[in-house]
Chemist: 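I have a structure here, written as structure tokens, and I will follow up with some questions on it.
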Amino acid sequence: MRAIQITELSGPDDALKLVDVPEPEASTMLTPGSGVLVEVHAAGVSFPEVLQTRGEYQVKPPLPFVPGSEVGGVVRSAPDNAPVSAGDRVAAFCGLGGFADVVAAPEFFCFTLPDELDFAQGASLVLNYHTAYFALRMRGRLAEGETVLVQGAAGGVGTASLQVAKGLGAAKTIAVVSTADKERVAREAGADEVVRTDGPWKDEVKELSGGGVDVVIDPVGGDRFTDNLRSLREGGRAVVVGFTGGSIPEVRVNRLLLNNIEVVGAGWGAGVMSKPQAVREIGDAITDLIAKGFVRPLVGARFPLERAAEALKLIDAREATGKVVLELD
Ligand SMILES: NC(=O)c1ccc[n+]([C@@H]2O[C@H](COP(=O)([O-])OP(=O)(O)OC[C@H]3O[C@@H](n4cnc5c(N)ncnc54)[C@H](OP(=O)(O)O)[C@@H]3O)[C@@H](O)[C@H]2O)c1
């Protein structure tokens, strides 16, 4: 079968090679000796794959390996105990191996893809939307009627967080973005208000939220983190999701007691990878939000498999919006 491998750790320009490799066995790292084989129609591309081309991601498989953590496709075979069966359209999280014609995924990480969503949207569903739900509800304890600030709001996690927050009953969502094009994407994802990083966004957020927000979702980090804390109302929670901005912020903890606020970590992988029941619970919640019309992944750019490097470079250049996907024949 065709696959894209990372063959060296030299960055997205040179690290990727299109190769012909044997199809995988129905076995995964999380479920040795068992798994669902999926014929891949679309593979999601995310920040971790960019980092993997440089050896900078926490998961460092031996070279060469096939990256790609999630796919949309059709089940070729599934064990009897799986929630999906041969012929089903699915969204699946495979961890690695998704940039290929066929991939094996753990049974508990396969979800029937509703008719409303195409394969590219299926390849956009697990990593970002499960993370958004985990961060907002399970870690940020978002309650109905609360206000949510989303950093990096035109990105994959950002657009997902805007939609999931509304689905969970947020009264208002405020998006933070860096460009006019990203402002358009954040609005398309359903943001009630959008502020720009090149303006006085903290003051605007205070005003738009009537004194402060209840929850901040932050996949960006860097030097805007202190202003995240200043944007919270009393009892607010700032949820740490990622560091695309490049640096890991430090918190002066006196800020936490001054206004009784919290900084909460949300590591979706660490939180659910060994808990199939939690994965199914989140999957059910997302399926419900799709049925109610809140969740509609925004696919920003589509590339054929052999142009995977361009997909990674788009993310690396901070030009991606929504989800970037590879489409296979
Ligand atoms: N904690 C978890 O469980 C979990 C799960 C999934 C993903 N993540 C992490 O969350 C982060 C976001 O992922 P994503 O898929 O949403 O990424 P993405 O689609 O590329 O969006 C990231 C956003 O970060 C902002 N940004 C600021 N400085 C940047 C820079 N120097 N380079 C690139 N982007 C920059 C950009 O927004 P502006 O230009 O508008 O500022 C961009 O839209 C990643 O670090 C990823 O590893 C964490």
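Only heavy atoms go into these numbers, but all of them, side chains included; no hydrogens, no water, no symmetry mates. Counting starts at 1 for both ligands and their atoms, in listed order.
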Chemist: Short question: side chain of D20, backbone of M1 - any donor-acceptor pair under 3.5 Å?
Modeler: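 Confirmed, D20 side chain pairs with M1 backbone.
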Chemist: Would you say D316 and ligand 1 have an N/O pair spaced under 3.5 Å apart?
Modeler: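 Such a contact does not occur with ligand 1.
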Chemist: Without hydrogens or angle criteria, can the side chains of T31 and S34 be said to hold a donor-acceptor pair below 3.5 Å?
Modeler: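 There is no such pair between these side chains.
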Chemist: Between E204 and V195, is there a donor-acceptor pair closer than 3.5 Å when you use the side chain of the first and the backbone of the second?
Modeler: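 No.
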Chemist: Taking ring pair (Phe, Tyr, Trp, His ring centres under 6.0 Å) as the cut-off, I'd like each qualifying pair that reaches into residues 105-125, sequence neighbours left out, listed once.
Modeler: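 Residue pairs with at least one partner in residues 105-125: H41-F119, F93-F109, F109-W268, F111-H130.
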Chemist: Of the protein's non-hydrogen atoms, which lies at the shortest distance from atom 2 (C) of ligand 1, and what is that distance?
Modeler: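 In this structure, atom 2 (C) of ligand 1 has A266 O, 3.6 Å as its nearest protein heavy atom.
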Chemist: Closer than 4.0 angstrom, basic N to acidic O: yes or no for E281 and R137?
Modeler: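 No, no charged N to carboxylate O under 4.0 Å.
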Chemist: Does G245 have a heavy atom less than 4.0 Å from any atom of ligand 1?
Modeler: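 For ligand 1, residue contact (heavy atoms, under 4.0 Å) with G245 is present.
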Chemist: Determine which pairs satisfy salt bridge (charged side-chain N to carboxylate O under 4.0 Å, His left out) with at least one residue from residues 96-120, sequence neighbours left out, and list them in order.
Modeler: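 Non-adjacent pairs meeting salt bridge (charged side-chain N to carboxylate O under 4.0 Å, His left out): R2-D101, D118-R302.
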Chemist: In this structure, are over 12 heavy atoms from other groups packed under 6.0 Å from D223 atom CG?
Modeler: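 Count not over threshold, so no.
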Chemist: Backbone, side chain, both or neither: what part of F134 comes under 4.0 angstrom of ligand 1, heavy atoms only?
Modeler: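 Near ligand 1, F134 shows nothing, with every heavy atom at 4.0 Å or more.
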Chemist: Any idea which protein heavy atom is nearest atom 38 (P) of ligand 1, and the distance to it?
Modeler: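 In this structure, atom 38 (P) of ligand 1 has S178 OG, 3.4 Å as its nearest protein heavy atom.
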Chemist: N/O of V220 under 3.5 Å from N/O of ligand 1, yes or no?
Modeler: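 V220 vs ligand 1: no N/O contact under 3.5 Å.
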Chemist: Would you say CE of M29 has more than 12 non-hydrogen atoms from neighbouring residues, nucleotides or ligands within 6.0 angstrom?
Modeler: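 No, because the 6.0 Å sphere around CE of M29 holds 12 heavy atoms or fewer from other groups.
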Chemist: Among protein heavy atoms, which lies nearest atom 16 (O) of ligand 1, and at what distance?
Modeler: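 Residue, atom and distance for the closest contact: V157 N, 2.8 Å.
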Chemist: Any idea which protein heavy atom is nearest atom 19 (O) of ligand 1, and the distance to it?
Modeler: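 Closest protein heavy atom to atom 19 (O) of ligand 1: G156 N, 2.8 Å.
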Chemist: Got a sec: does the CD of E207 have more than 12 other heavy atoms crowding it under 6.0 Å?
Modeler: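 No, CD of E207 has 12 or fewer neighbouring heavy atoms, counting only those of other groups under 6.0 Å.
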Chemist: Provide the number and element of each atom of ligand 1 under 4.0 Å from a heavy atom of W268.
Modeler: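 Taking each heavy atom of W268 in turn, ligand 1 has 2 (C), 3 (O) under 4.0 Å.
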Chemist: Within ligand 1, which atoms have a heavy atom of F243 less than 4.0 Å away?
Modeler: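 It comes down to these atoms of ligand 1: 45 (O).
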Chemist: Look at atom 10 (O) of ligand 1 and say which protein heavy atom is nearest, naming residue and atom and giving the distance to 0.1 Å.
Modeler: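 In this structure, atom 10 (O) of ligand 1 has P219 CB, 3.8 Å as its nearest protein heavy atom.
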Chemist: Would you check whether S46 reaches within less than 4.0 Å of ligand 1, judged by its heavy atoms?
Modeler: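 No; S46 lies far enough from ligand 1 that no heavy-atom distance drops under 4.0 Å.
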Chemist: Please could you name the atoms of ligand 1 that V177 approaches to less than 4.0 Å, counting only its heavy atoms?
Modeler: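 Listed by number with element: 40 (O).
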Chemist: Taking K206 for the side chain and R230 for the main chain, is one N or O donor matched with an acceptor at less than 3.5 Å?
Modeler: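 Checking the backbone N and O of R230 against the side chain of K206, a donor-acceptor pair under 3.5 Å is found.
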Chemist: Specify the protein heavy atom at minimum distance from atom 5 (C) of ligand 1: its residue, its atom name, and the distance to 0.1 Å.
Modeler: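 Checking every protein heavy atom, the shortest distance to atom 5 (C) of ligand 1 gives T131 OG1, 3.2 Å.
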Chemist: Is it true that R224 lies under 4.0 Å from ligand 1, counting heavy atoms only?
Modeler: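 Distance cut 4.0 Å: R224 passes for ligand 1.
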Chemist: Tell me if the CD atom of E25 is crowded by more than 12 foreign heavy atoms within 6.0 Å.
Modeler: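 At most 12 heavy atoms, drawn from other residues, nucleotides or ligands, come within 6.0 Å of this atom.
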Chemist: For atom 43 (O) of ligand 1, find the nearest protein heavy atom and state the residue, atom name and distance (0.1 Å precision).
Modeler: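 Result for atom 43 (O) of ligand 1: K182 NZ, 3.6 Å.
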Chemist: Among protein heavy atoms, which lies nearest atom 31 (N) of ligand 1, and at what distance?
Modeler: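 Protein heavy atom at minimum distance: T244 O, 3.3 Å.
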